[in-house]
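These numbers come from a predicted model, not from an experiment.
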Amino acid sequence: MNGPIRASKIRFLAGCILLLFATLTVLFILPNASQQQSQEHKAFAEAKKALASQQGKLVALAAEEQKFTRSRKRLETLLGSMPNQSAGRLQWELSRRLYDLAQKNGIRLQSLKYGTPTREGVKGTDLEILDVEFTASGIYQNLKPFMLGLEDTQDNPLPFAVAGVKLEESPDGARLSVTLRAFRRSGAGTKQEGS
């Protein structure tokens, strides 16, 4: 009988030791594993969020790069198509366009003045700026298509931009004071600063 009691005690002790290990596992190892798993899930979620943010930034940068590329190509096309002509020829073409548009829309042009060509603001290029100021009078319904025709570069792609417009009432109807800024290639070539 001593043998079965002894075997029972050994089994009881073994059971107690296993119970102790199970308790230690439940108390220390499982919470640690659960906490580690929670940290892994949190790290995964943060990594996923950071990846989505980086992908969004990458898409935005790619769109911006495409915009810069399109702008650069437009600028190169504009500069490439810009004629290398004298200031007198550019003035003559602008005058012809202004008077054609004025006649077409029933507008009277007054005080057409051309500034002298300058390189101010376009240093490092072979571009020159020529300011053109004029006053156009007529009725408003005619001034509007005149300005739209002036800004339309599809029919007549002269290298200029409207720098300023002021609309006023006058005894003759409406009066526009317009400043155009025309550009031409001087043919001088680009000069490097400090050389």
Side-chain angles (χ1 to χ4, degrees), residues 56-195:
K57 288 178 184 177
L58 185 62
V59 167
L61 286 173
E64 195 169 325
E65 189 268 336
Q66 287 177 349
K67 187 171 87 173
F68 284 136
T69 301
R70 282 193 308 269
S71 296
R72 190 188 81 241
K73 285 181 182 178
R74 269 191 235 138
L75 184 60
E76 287 171 356
T77 302
L78 176 68
L79 289 175
S81 67
M82 193 173 292
N84 186 1
Q85 61 188 0
S86 69
R89 174 100 176 141
L90 179 61
Q91 288 175 356
W92 183 82
E93 287 182 8
L94 282 169
S95 294
R96 188 178 56 133
R97 176 145 182 217
L98 289 171
Y99 282 108
D100 287 349
L101 280 171
Q103 186 178 15
K104 178 181 175 184
N105 294 291
I107 302 295
R108 245 183 20 250
L109 290 180
Q110 302 165 338
S111 65
L112 184 61
K113 298 178 201 169
Y114 292 95
T116 57
T118 65
R119 296 181 60 79
E120 189 68 32
V122 290
K123 292 182 174 133
T125 69
D126 65 342
L127 292 181
E128 284 186 346
I129 296 172
L130 176 70
D131 286 337
V132 182
E133 296 177 1
F134 65 92
T135 303
S137 332
I139 59 174
Y140 176 76
Q141 287 81 3
N142 294 349
L143 287 173
K144 184 177 178 184
F146 171 77
M147 283 305 293
L148 291 173
L150 186 62
E151 293 173 339
D152 182 20
T153 58
Q154 296 286 339
D155 294 335
N156 197 352
L158 285 176
F160 72 89
V162 177
V165 177
K166 183 179 178 185
L167 179 64
E168 300 172 322
E169 290 278 335
S170 75
D172 300 333
R175 184 174 68 204
L176 277 177
S177 299
V178 181
T179 303
L180 299 179
R181 182 159 280 180
F183 301 92
R184 76 176 195 95
R185 296 179 80 174
S186 65
T190 59
K191 293 180 180 178
Q192 298 295 327
E193 297 288 329
S195 58

Quick one: closest heavy-atom pair of [X] and [Y], and the distance?
X: F146; Y: N105; result: CA-ND2, 3.5 Å
X: L109; Y: A102; result: CG-CB, 3.8 Å
X: S177; Y: T135; result: OG-OG1, 4.3 Å
X: G149; Y: L101; result: C-CD1, 3.7 Å

> Do E93 and R89 sit within salt-bridge range, that is, some charged N less than 4.0 Å from a carboxylate O?
Replying inline: yes
> Under 3.5 Å, is there a donor-acceptor pair between the side chain of N142 and the main chain of I107?
Replying inline: no
> What residues, two or more places apart in sequence or in another chain, satisfy side chain to side chain donor-acceptor pair (under 3.5 Å) together with K166?
Replying inline: E168
>> Going by side chain to side chain donor-acceptor pair (under 3.5 Å), name the residues that satisfy it together with D131, two or more places apart in sequence or in a different chain.
In response: R181
>> Just verifying a value: how many Å separate E65 CD and T69 OG1, rounded to the nearest 0.5 Å?
In response: 3.5 Å
> Which residue pairs pass the salt bridge (charged side-chain N to carboxylate O under 4.0 Å, His left out) test when at least one of the two sits in residues 137-150, sequence neighbours left out?
Replying inline: none
> Hey, are the side chains of L180 and V162 touching, using non-hydrogen atoms and a 4.5 Å cut-off?
Replying inline: yes
>> Any heavy-atom pair between the side chains of L143 and M147 that's under 4.5 Å?
In response: no
> Is atom CD of Q110 surrounded by more than 12 heavy atoms (other residues, nucleotides or ligands) closer than 6.0 Å?
Replying inline: yes
>> Within the 3.5 Å criterion, strictly below it, is a donor on S95 or Q91 matched to an acceptor on the partner's side chain?
In response: no
